[in-house]
Amino acid sequence: LAEVRRRQAELAIERGDIKAALDCAASGLEMVDACDEEFERGFLLRARGAALMLSGEATAALAALEAAVAAFRKLSLEPELAETLLDLAAAHTGTVDAGVDGFIRARANLREAASLDDESGRIDHCAIQLTLARTEMSLGNHDEALRCLFEVERIGCGHDPDTVEAAAP
């Protein structure tokens, strides 16, 4: 049942219905606690974090995403961990008042995501490296940004590295 609530929360986010997303995530988390269904905890917390970011509640969103990261780490769900670290990095830099500290935290999240092994082939290392390049550019670390772009090229993602500078925050 918690998985159903998680999927409902994710669909509500896609529709832009923040209240429904938060309600579904909350009831799903209650089910996880009641039934000891730990597998869904990270997914529900990630959905909660996404909904809170959309509502402008950055501090609460960061807390939910950090809890999701912890849940995925505990279960060794590396693809989900990588996706959530990418979301967490975006949350750190996605507010108007995101300063250097936010970009430094984002960089740490992205570096962790980049270091994860991907036996399943589900980790989007290209998105991680491109986001890391943009983060390094924002921090003024042009050599590190270039290193990330070389990694994108090495991986063979099919992205044009020249588009990174134009898309930098």
Side-chain angles (χ1 to χ4, degrees), residues 2-3 5-14 21 24-25 28-29 32 37-54 57-95 98 100-139 141 144-161 163-164 167-169:
E3 180 181 1
R5 298 307 279 167
R6 181 251 296 188
R7 292 181 185 277
Q8 289 173 324
E10 292 168 347
L11 289 171
I13 290 166
E14 287 182 26
C24 289
L29 286 166
V32 164
E37 197 177 336
E38 285 302 309
F39 184 81
E40 289 299 324
R41 183 178 304 282
F43 294 101
L44 287 157
L45 287 164
R46 184 170 61 199
R48 178 175 167 69
L52 288 166
M53 276 305 292
L54 288 173
E57 296 181 48
T59 303
L62 287 169
L65 291 169
E66 287 168 357
V69 163
F72 289 133
R73 268 192 199 121
K74 182 178 177 182
L75 296 174
S76 300
L77 296 173
E78 291 192 345
E80 287 75 15
L81 176 58
E83 182 179 335
T84 308
L85 286 165
L86 193 56
D87 292 345
L88 185 56
H92 278 300
T93 61
T95 61
V100 173
D101 282 350
F103 283 95
I104 290 171
R105 286 186 181 104
R107 179 176 60 193
N109 297 143
L110 293 164
R111 285 181 176 172
E112 181 182 351
S115 73
L116 295 172
D117 288 328
D118 186 19
E119 294 177 14
S120 68
R122 293 179 35 226
I123 295 177
D124 190 350
H125 284 286
C126 293
I128 292 166
Q129 290 295 332
L130 286 170
T131 306
L132 185 53
R134 290 183 194 111
T135 302
E136 294 290 6
M137 290 288 290
S138 296
L139 288 168
N141 300 329
E144 284 299 313
L146 188 58
R147 187 194 60 74
C148 295
L149 295 177
F150 286 146
E151 183 63 12
V152 169
E153 198 172 77
R154 185 192 70 76
I155 295 169
C157 301
H159 294 286
D160 179 3
T163 62
V164 173

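Numbers here are sequence positions counted from 1.
For Leu65 against Ala91, the heavy-atom pair with the smallest separation is CD1-CB, 3.8 Å. Minimum interatomic distance between Ile128 and Leu110 (heavy atoms only, all atoms of both residues): CG2-O, 3.5 Å. Between Ala68 and Arg46 the shortest heavy-atom distance is CB-N, 3.7 Å. In terms of heavy atoms, Leu44 sits closest to Cys24 at CD2-O, 4.3 Å. Considering all non-hydrogen atoms of both residues, Ala2 and Gly28 come closest at CB-O, 3.9 Å. The shortest non-hydrogen separation linking Leu52 to Ala64 is CD1-CB, 4.4 Å.
Side chains of Arg107 and Thr135: a donor-acceptor N/O pair is absent below 3.5 angstrom, by distance only.
One finds the CG atom of Leu11 at 5.5 Å from the CD atom of Glu14 (value rounded to the nearest 0.5 Å). With values rounded to the nearest 0.5 angstrom, Thr131 atom OG1 is found 11.5 Å from Asn109 atom CG. Taking CG from Leu29 and CD from Glu40, the interatomic distance works out to 10.0 Å, rounded to the nearest 0.5 Å. Here CZ of Arg111 is found 14.0 Å from CG of Leu85. Values are rounded to the nearest 0.5 Å. For the atom pair CG (Leu132) and CZ (Arg147), the distance works out to 6.5 Å, reported to the nearest 0.5 Å. One distance of note links CD of Glu83 with CG of Leu88; it measures 12.5 Å at 0.5 Å rounding.
You'll find the side chain of Val69 reaches within 4.5 Å of the side chain of Leu81, heavy atoms only. Taking the side chain as every heavy atom from C-beta outward, Leu130 and Leu149 approach each other to under 4.5 Å. Contact annotation: the side chain of Gln129 never approaches that of Arg154 to less than 4.5 Å [non-hydrogen atoms, C-beta and beyond]. Between Glu10 and Arg7 the shortest side-chain heavy-atom distance falls below 4.5 Å. Put simply, the side chain of Arg122 does not reach to within 4.5 Å of the side chain of Glu78, judged on heavy atoms. In this structure the side chain of Leu77 reaches within 4.5 angstrom of the side chain of Phe39, judged on heavy atoms. Put simply, the side chain of Arg134 does not reach to within 4.5 Å of the side chain of Met137, judged on heavy atoms. In this structure, Lys74 and Arg41 have side chains that are not in contact, with every pair of non-hydrogen atoms separated by 4.5 Å or more.
Salt-bridge annotation for Glu112 and Arg73: present, with a side-chain N of the basic residue lying under 4.0 Å from a carboxylate O of the acidic one.
Using a distance-only test at 3.5 Å, with no hydrogens or angles considered, a donor-acceptor pair links the side chain of Asp124 to the main chain of Ala127.
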Decide salt bridge (charged side-chain N to carboxylate O under 4.0 Å, His left out) for Arg105 and Glu66; before the verdict, give the C-alpha distance in whole Å, the side-chain angles of both, and the deciding distance to 0.1 Å.
CA-CA 12 Å; Arg105 286 186 181 104; Glu66 287 168 357; over 6 Å; no

